[in-house]
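Per chain, numbering begins at 1; letters A, B, ... match sequence-line order.
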Amino acid sequence: MYNRVVIGMAEYWVSDNPEDVLCILGLGSCVGLCLYDSSRKVGGMVHILLPESIPGQTNPFKFADAAVSALWEKLKSKGASTKHILAKIAGGAKMFSGTDSLFDIGKRNVEVVKAELKKLNIPLRADDTGGNRGRSIMFYLEDGRLEIKTIGQKPVVV
Amino acid sequence: MGISFEKLNDIQLDALREVGNIGAGNAATALSKVVGKRVKMEVPLVKILPLKDVPEWLGGAEKEVLGVYLTMSGAVTGHILFVMSIDDALKIMHILLGDLTPTREQVLEMDEIARSAMEEIGNILSSSYLSALADFTGLRLNHSVPALAIDMAGAIVDVVLIEISKKGDYALLIETEFVEEENRIKGYFMLIPDTGSLEIILHSIGVV
């Protein structure tokens with residue numbers, strides 16, 4: 001039996017229960033980052049809003065530059081190891097066309113997440129980012145597969 | 001010091017509610033003209049919501065909606081988002097176009113005709129609220145060319161919520177129900193003034 005956990009904006013979840021399915025519904029320019037240790041079947045997901053931290057705001061899971069290492073720390077405390085860790089990311093779409101800098105936030109979110117993963121030496125195994133469609137993502141902790149749904153398309157698994 | 005939504009008093013909320021009323025009235029009148037039939041409205045609900053609850057209020061993060069997004073400039077700066085479910089937008093199009101109404105699939109695939117019809121509806125409705133705000137405050141408000149998106153509610157609102165989240169954790173949402181005979185159509189108007197702009201609005205109305 002699957003146990004669905006929906007992760008809201010600036011929230012995260014880590015678990016070692018293989019029945020857990022971590023989900024973000026209707027992901028636009030935010031980024032969903034999944035980390036998974038395949039040997040221990042420990043995984044985590046975070047719903048990132050912005051590329052850079054804002055002084056005075058204390059929730060690290062809101063910002064790409066802090067969320068990646070914060071999630072990694074949480075995962076390590078659940079028993080994940082550097083040896084078997086991998087990352088999958090989705091989101092970062094540009095929902096409205098236009099020239100406003102606001103519209104590029106998705107792209108910047110993705111860039112910062114990737115840079116942070118690189119710093120931590122976590123291999124990026126799947127990357128479904130950009131474009132102009134929203135996504136719903138489901139991360140299955142039983143095997144680390146990530147299912148991605150967009151409107152009018154068949155779900156894909158990465 | 002900026003005033004934020006969650007700290008408004010009852011009088012200030014009432015004033016914003018009144019802007020919502022007038023805006024919804026304008027929107028109903030505009031819709032009546034477009035469809036050539038009398039469109040009435042229910043008294044709008046004005047809500048101050050935590051950001052994370054906004055998609056739920058719109059019918060769920062995966063609800064298929066159209067969103068029209070604009071930025072305000074001039075005396076007041078900030079963002080406007082108008083949201084309507086695809087089903088309700090199709091009802092309007094059906095009154096407007098009859099048998100020529102695009103199918104749901106055409107709308108979701110952003111077929112050219114569907115897109116321009118959706119864009120038109122979104123523009124008319126969002127500018128109705130904006131002109132109410134300008135009239136009520138007496139402020140000169142400019143706005144950008146509206147941008148349209150058709151997608152899941154969560155994805156449509158997240159870019160705007162991101163913008164709000166830089167400053168606070170609440171949004172002002174005006175929910176209006178339009179009524180044309182047996183058709184009931186809900187529109188959601190979100191106002192996101194930049195820091196300082198909410199104060200200018202309230203000051204212009206005379207409730208600060």
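A pairwise comparison of heavy atoms in A/G134 and B/A155 identifies CA-CB, 3.6 Å as the closest pair. Among all heavy-atom pairs drawn from A/C30 and B/D158, the shortest one is N-OD2, 3.1 Å.
Looking at A/L49, both its backbone and its side chain come within 4.5 Å of chain B, counting heavy atoms on both sides. Only the side chain of B/L81 comes within less than 4.5 Å of a heavy atom in chain A; its backbone stays farther off.
Between chain B and the options A/G152, A/G56, A/G91, A/S136, the largest number of non-hydrogen pairs under 4.5 Å is found for A/S136. In terms of non-hydrogen atom pairs under 4.5 Å with chain A, the most contact-rich of B/M152, B/E105, B/E109 is B/M152.
At most 12 non-hydrogen atoms from other residues, nucleotides or ligands lie less than 6.0 angstrom from CZ of A/R125. In the displayed structure, A/K76 atom NZ is contacted under 6.0 Å by more than 12 heavy atoms of other residues, nucleotides or ligands. Atom CG of A/D143 is surrounded by more than 12 heavy atoms from other residues, nucleotides or ligands within 6.0 Å.
Residues of residues 10-25 of chain A lying under 4.5 angstrom from chain B, judged on non-hydrogen atoms, are A/E11, A/L25 in numerical order. Within residues 186-194 of chain B, no residue has any heavy atom closer than 4.5 Å to a heavy atom of chain A.
For A/Y36, the ring-ring contact (aromatic ring centres under 6.0 Å, His included) criterion is met by A/F139, not counting sequence neighbours.
In this structure, OG1 in B/T71 is found 12.0 Å from CZ in A/F96, a value given to the nearest 0.5 Å. To the nearest 0.5 Å, the span separating CG on A/N132 from CD1 on B/I150 amounts to 11.5 Å.
When each of B/V54, B/V157, B/L161 is checked for a side-chain contact (heavy atoms from CB on, under 4.5 Å) with A/M9, only B/L161 meets the rule.
Within the structure, the salt bridge (charged side-chain N to carboxylate O under 4.0 Å, His left out) test picks out the following pairs touching residues 59-87 of chain B (sequence neighbours left out): B/E64-B/R104, B/D87-B/R104.
In terms of modelled atom types and a separation under 3.5 Å, the side chain of B/D151 and the main chain of A/R133 share no donor-acceptor contact.
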